[in-house]
Amino acid sequence: MSDKVVTRFAPSPTGYLHVGGARTALFNWLWARRTGGTFILRIEDTDQKRNTPTAARQVMDDLKWLGIDWDEGPEAGGPNGPYLQSQRRDIYDKYIKQLLDEKKAYYCFDTPEDLDELRKKAEGDKGGFAYQRPGSFPSEADAEAARSRGESVTVRFAVPQDEPLVVKDLVRGEITFAPGEISDFIIQKSDGFPTYNFACVVDDCLMKVTHVVRGQEHLNNTPGQQALWRALFGDAEPPRYAHMSVTISDSGGKLSKRERPKALLTAIKQIQDTDFDKLANVGGISAEQLNAFIKGKAVPDMPSIDAMAEFLGVPLPEINIVDFFKSGYLPETMVNFLALLGWNPGDDREIMRFEELIEAFDLTRLSKSNSLFDRKKLISFNTEHIKMVESGRLREHLRDYLKIVDSPVAAADDELLSKLISICEGARTLADIDRKTRFLFAEADSLKYDEKAVRKVFKGDAVAILAEVRDKLAAMDEFTEQGIEDMLRGLAEEKQLGLGKVAQPLRVAICGNTISPPIFDSVRMLGREETLKRIDIALRKFGTDGNAE
RNA sequence: GGCCCCAUCGUCUAGGCAGGUCUAGGACACCGGGUUUUCAACCCGGCAACAGGGGUUCGAAUCCCCUUGGGGCUACCA
């Protein structure tokens, strides 16, 4: 085994990178890094109907955000390019021709409708549908004639039917498929593009891939792919396969992108007085489209879903990697958490840095059973990583986050940002830091007061106390944290009250909420002038004539 | 329906391949208590699992079979 390890991540560019894809990418990447091998990014854009032009770009950005880099692929280049399958048509054509010439593949003229019918007919059969190979293969001339008539022409691989197909899997051992179990499958579509099952085999060989780590959903494709490999490349050693378990959502079934629209729909139905025109407007869709969505007939695209959810204030479950970014998770957290979904280092370690993961990763420790994506545990992991990550790096992560969610806190310079982080100790996500410190960037007049907080805090003599606090703050010589603390504690003691009775009215007055950084820091950072201004506004708003000033 | 895979606390899992050291360990969640100026964070304690049934064996969470349950695939998608 002197061969250098080569792994690849081969996404089809249909949208954002989601957690499942990210995990596949990560495992392949970890194995390459662990062994000093090569990690290839290959874009499987062979489906013209589904690919979107920006998706490949997006997937690459998401990978970069996670810290997953590739040695060969788009942007990086490499000796085995091009790395977009749509640019490798001539290569596939060559191998298709070879198979055709050797009678290992044959032309088919069935339309999709024909196939549907065949399948329907086979429904009652004991073995289910299997494509019936013709007694003799159509000739090149037949194909040409069909093409000129505008008929559908595809190419099928003649899968060996007389022997069991054995797949060796690093995770599951040997799996045997009975003779005849795998029927002839299409390797070239009628639009001339290769199918996944074909392109993937050709490219894995040409790109000298040694290990394929992929989801369990591909396990049943493997015998066919291996048979194809033998037909194409004879005894050349095929890659080793490791089929990972599937990730299940904690909201029920399989973790899928459909969960977001589903959650939004549920929310829309629960909200009584929704302004549908406005909602459609916000989502950038027509009233008809919204109606179709509500009736379950159509699903708007992701940006629309996101916009409407934001408008309604409905949190959607994070599925795509960018969703986690926007929710304030660190890439370190995602990588760590994803790595532990179906793998573990064999000891009690859980919170691990990149380097540790690379050092400990091993393909033989992949678990066989499906794992559930536990968001509560994810949050806990994020809390740990926020504590653990180097301060400059955390600041950069925060800056990226504030930018993408368009927070006013983004106006802070590095020094201020670091200070904000330090007073938000114990934050679980970057969103916590943003939420807690936004009050510093608000205008006094337009500060929003949380109703519940006001009701809870401004009762009894809270207003009177706040008025007193105001006067004392105004009278302080030096406006320091220590000074503020001494004053507030002194006042509480004098009145025989807990500090909370004194601090809470002040907290709500300056930030509109009961949730904020520690009160001394908050007041100090707001500054005396602004603090007094806000207290005055609060006194006016919540005070009665008798006890305000 | 057919084929394939899987099965330890609520969840992620260690242990299983080399059966005894497992009265089954850790983490998250949860519950109770502590700390406390809010939210968090933090500290202490607690609850909680080998799916069921047959074998093999002196002995099974660990090996074999069946049942049940879960998942995947069954496309001119990847």
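Heavy-atom basis, side chains included; hydrogens, waters and symmetry copies ignored. No experiment lies behind these values; they were computed from the predicted model shown. Each chain gets a letter, A, B and so on, in the order its sequence line appears, and its residues count up from 1.
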Short N-O contact, A/Asp374 and A/Lys377, less than 4.0 angstrom
no
For A/Lys436, answer base if it contacts any base atom (sugar-phosphate contacts may also be present), sugar-phosphate if it contacts only those atoms, and nothing otherwise; contact means non-hydrogen atoms under 4.0 Å.
base
Give the nucleotide from the list B/U38, B/G25, B/U13 with an atom nearest to the side chain of A/Asn344.
B/U13
What interatomic distance, in whole Å, is found between C1' of B/U67 and the corresponding atom of B/C28?
33 Å
Could you list all N or O pairs between the protein and nucleotides 5-9 of chain B that sit under 3.5 Å apart?
unit_1 : atom_1 : unit_2   : atom_2 : d
B/C5   : O2'    : A/Arg172 : NH1    : 2.3
B/C5   : O2'    : A/Gln216 : OE1    : 3.3

Every protein N/O within reach of nucleotides 28-34 of chain B N/O, cut-off under 3.5 Å:
unit_1 : atom_1 : unit_2   : atom_2 : d
B/C28  : O2'    : A/Lys377 : N      : 3.4

Over all strands shown, is A/Arg365 touching base, sugar-phosphate only, or nothing at heavy-atom distances under 4.0 angstrom?
sugar-phosphate
Closer to the 5' end of RNA chain B via nearest nucleotide, is it A/Phe177 or A/Lys456?
A/Phe177
Polar-atom pairs under 3.5 Å, protein N or O versus N or O of nucleotides 76-78 of chain B: list them with distances, or write none.
unit_1 : atom_1 : unit_2   : atom_2 : d
B/C76  : OP1    : A/Arg119 : NH2    : 3.3
B/C76  : OP2    : A/Arg119 : NH2    : 3.4
B/C76  : O2     : A/Ser190 : N      : 2.6
B/C76  : O2     : A/Ser190 : OG     : 2.7
B/C76  : N3     : A/Ser152 : OG     : 3.3
B/C76  : N3     : A/Ser190 : OG     : 3.0
B/C76  : N4     : A/Asp110 : O      : 2.7
B/C76  : N4     : A/Ser152 : OG     : 2.4
B/C77  : OP2    : A/Lys189 : NZ     : 2.8
B/C77  : O2'    : A/Asp47  : OD2    : 3.3
B/C77  : O2'    : A/Arg50  : NE     : 3.3
B/C77  : O2'    : A/Arg50  : NH2    : 3.2
B/A78  : OP1    : A/Thr46  : OG1    : 2.6
B/A78  : OP1    : A/Lys189 : NZ     : 2.8
B/A78  : OP2    : A/Tyr196 : N      : 3.0
B/A78  : O3'    : A/Glu44  : OE1    : 2.7
B/A78  : N6     : A/Asn221 : OD1    : 3.1

What is the pairing partner of B/U38, taking Watson-Crick or G-U wobble pairs with both distances under 3.5 Å in any strand?
none
Can you name the ring pair (Phe, Tyr, Trp, His ring centres under 6.0 Å) partners of A/Tyr449, sequence neighbours left out?
A/Phe542
Atom pairs under 3.5 Å, N or O on each side, protein against nucleotides 45-53 of chain B: can you list them with distances?
none

For residues 418-428 of chain A, please give each side-chain donor-acceptor pair under 3.5 Å, one per line with the distance, not counting sequence neighbours.
unit_1   : atom_1 : unit_2   : atom_2 : d
A/Ser418 : OG     : A/Arg395 : NH1    : 3.2
A/Ser418 : OG     : A/Asp414 : O      : 3.2
A/Ser422 : OG     : A/Lys419 : O      : 2.8

Which part of the nucleic acid does A/Gly498 contact within heavy-atom distance under 4.0 Å: base, sugar-phosphate only, or nothing?
nothing
Tell me every residue that passes ring pair (Phe, Tyr, Trp, His ring centres under 6.0 Å) with A/Phe198, counting only those two or more places apart in sequence or in another chain.
none
Residue list, ring pair (Phe, Tyr, Trp, His ring centres under 6.0 Å) with A/Phe137, at least two apart or on another chain:
A/Tyr106
Pair A/Asp432 + A/Arg435: basic N to acidic O under 4.0 Å:
yes
Determine whether A/Thr111 and A/Asp114 satisfy the following criterion, side-chain hydrogen bond (donor to acceptor under 3.5 Å, both in side chains), listing intermediate values before the conclusion.
CA-CA 5 Å; A/Thr111 63; A/Asp114 293 338; 3.2 Å; yes
Contacts satisfying side chain to side chain donor-acceptor pair (under 3.5 Å) that involve residues 513-527 of chain A (not counting sequence neighbours) are A/Arg507-A/Ser516
Using ring pair (Phe, Tyr, Trp, His ring centres under 6.0 Å) as the criterion, list what pairs up with A/Trp343, not counting sequence neighbours.
A/Phe361
Ignoring backbone atoms, test whether A/Arg435 places a side-chain nitrogen or oxygen under 4.0 Å from the OP1 or OP2 oxygen of B/C39.
no
Applying salt bridge (Lys or Arg N to Asp or Glu O under 4.0 Å) to A/Lys97 and not counting sequence neighbours gives A/Asp101
Pair up each side-chain donor or acceptor in residues 488-501 of chain A with any protein partner under 3.5 Å, not counting sequence neighbours, and list the distances.
unit_1   : atom_1 : unit_2   : atom_2 : d
A/Arg489 : NE     : A/Glu485 : OE2    : 2.8
A/Arg489 : NH2    : A/Glu485 : OE2    : 3.0
A/Lys495 : NZ     : A/Glu468 : OE1    : 3.2

Lys NZ or Arg CZ of A/Arg119 over A/Phe129 ring: under 6.0 Å, within 45°
yes
Watson-Crick or G-U wobble mate for B/U23, both contacts under 3.5 Å
none
Hunt down the Watson-Crick or G-U wobble partner of B/G45, both distances under 3.5 Å, from any strand shown, or write none.
B/C31
Most 5' of A/Ala178 and A/Pro517 on RNA chain B, judged by nearest nucleotide:
A/Ala178
